[in-house]
Amino acid sequence: MDAADVQDDLVNVLFTEEQIHARLKELAAQIEADYEGQDLLIVGVLRGAVMVMADLARSFGRHLEMDWMAVTSYGSGTKSSGVVRILKDLDTDISGRHVVIVDEIIDTGLTLSWLTSNLASRSPASVEICTLLRKPEALTMPVDVKYVGWDIPNEFVVGYGLDYRERYRNLRDIGTLAPHVYS
Ligand code: PRP
């Protein structure tokens, strides 16, 4: 689905599909250089990171492994509850492995902060984070992020994996959702 298909629902297009692909290529090149000669496992955080994982992984000119985790931060009803639970764990033993967690957005930082500590406790060689988007104004806890596509304002964004009530994930671009959709 293109932005034109849902244009009445968007205030603007923040990043086009072309811009996203170009930025992911840059991030992949950066990661590739940093892990030269080393084994690499990238871990996608379901469900939003599916698109980022697919395009990022294919931008690499080397072998890597992919695995997935699903977590929820809505355990007690709201995200601010601070409760994170694992819904689907890794299939991979990460001890001694270099791991890069891949997500599409860091909002409060709760999910990635928790996930990084969780994976770090499994004795990996290293754990880093790659996120396409980050909202610095929304952060409520420090998260050490090595690879960031873009910092964005604290607005409701959808597309390229990002949803509002499970819709818009299949939008090719990333746009700001119009308030009339969610208010
Ligand atoms: C999104 C996103 C991150 C998390 C970031 O996932 O994929 O994992 O929220 O928010 P935080 O920094 O405030 O923790 P979400 O819980 O919406 O699930 P989804 O990936 O299935 O859409």
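Reckoned from all heavy atoms, side chains included, excluding hydrogens, waters and symmetry mates. Read the numbers this way: they start at 1 and go in the same order the structure lists the ligands and their atoms. Predicted, not measured: the structure shown is a model, and the values here were computed from it.
Interface of T108 with ligand 1, defined as ligand atoms under 4.0 Å from a residue heavy atom, comprises 11 (P), 12 (O), 13 (O), 14 (O). Against a heavy-atom cut-off of under 4.0 Å, R169 is close to the following atoms of ligand 1: 19 (P), 21 (O), 22 (O). Against a heavy-atom cut-off of under 4.0 Å, L46 is close to the following atoms of ligand 1: 20 (O), 21 (O).
Environment of NE2 in H63: sparse, with no more than 12 heavy atoms of neighbouring residues, nucleotides or ligands closer than 6.0 Å. In this structure, R167 places its CZ atom where only 12 or fewer heavy-atom neighbours from other residues, nucleotides or ligands lie under 6.0 Å away.
With a 4.0 Å cut-off on non-hydrogen atoms, D103 touches ligand 1 through its side chain and not its backbone. Looking at M69 against ligand 1, nothing comes within 4.0 Å, counting heavy atoms. Residue contacts with ligand 1 for T72 are absent, since no atom lies close enough (heavy atoms, distance under 4.0 Å).
For the residue pair Y147/D34, the side-chain donor-acceptor check at 3.5 Å is satisfied. For the 3.5 Å distance criterion, the side chains of D103 and T131 fail to qualify, holding no donor opposite an acceptor.
In terms of N/O distances under 3.5 Å, ligand 1 is approached by D107. At least one N/O-N/O distance between G48 and ligand 1 falls below 3.5 Å. Checked by distance only, ligand 1 and G109 come closer than 3.5 Å through their nitrogen or oxygen atoms.
With L14 as the fixed residue, the side-chain contact (heavy atoms from CB on, under 4.5 Å) test singles out one of V158, D173, I20, V157: V157.
Among all heavy-atom pairs drawn from A3 and L171, the shortest one is N-CD1, 3.5 Å.
Residue A49 places every heavy atom at 4.0 Å or more from ligand 1.
Within the 4.5 Å cutoff, the side chain of L115 has no heavy atoms near those of the V84 side chain.
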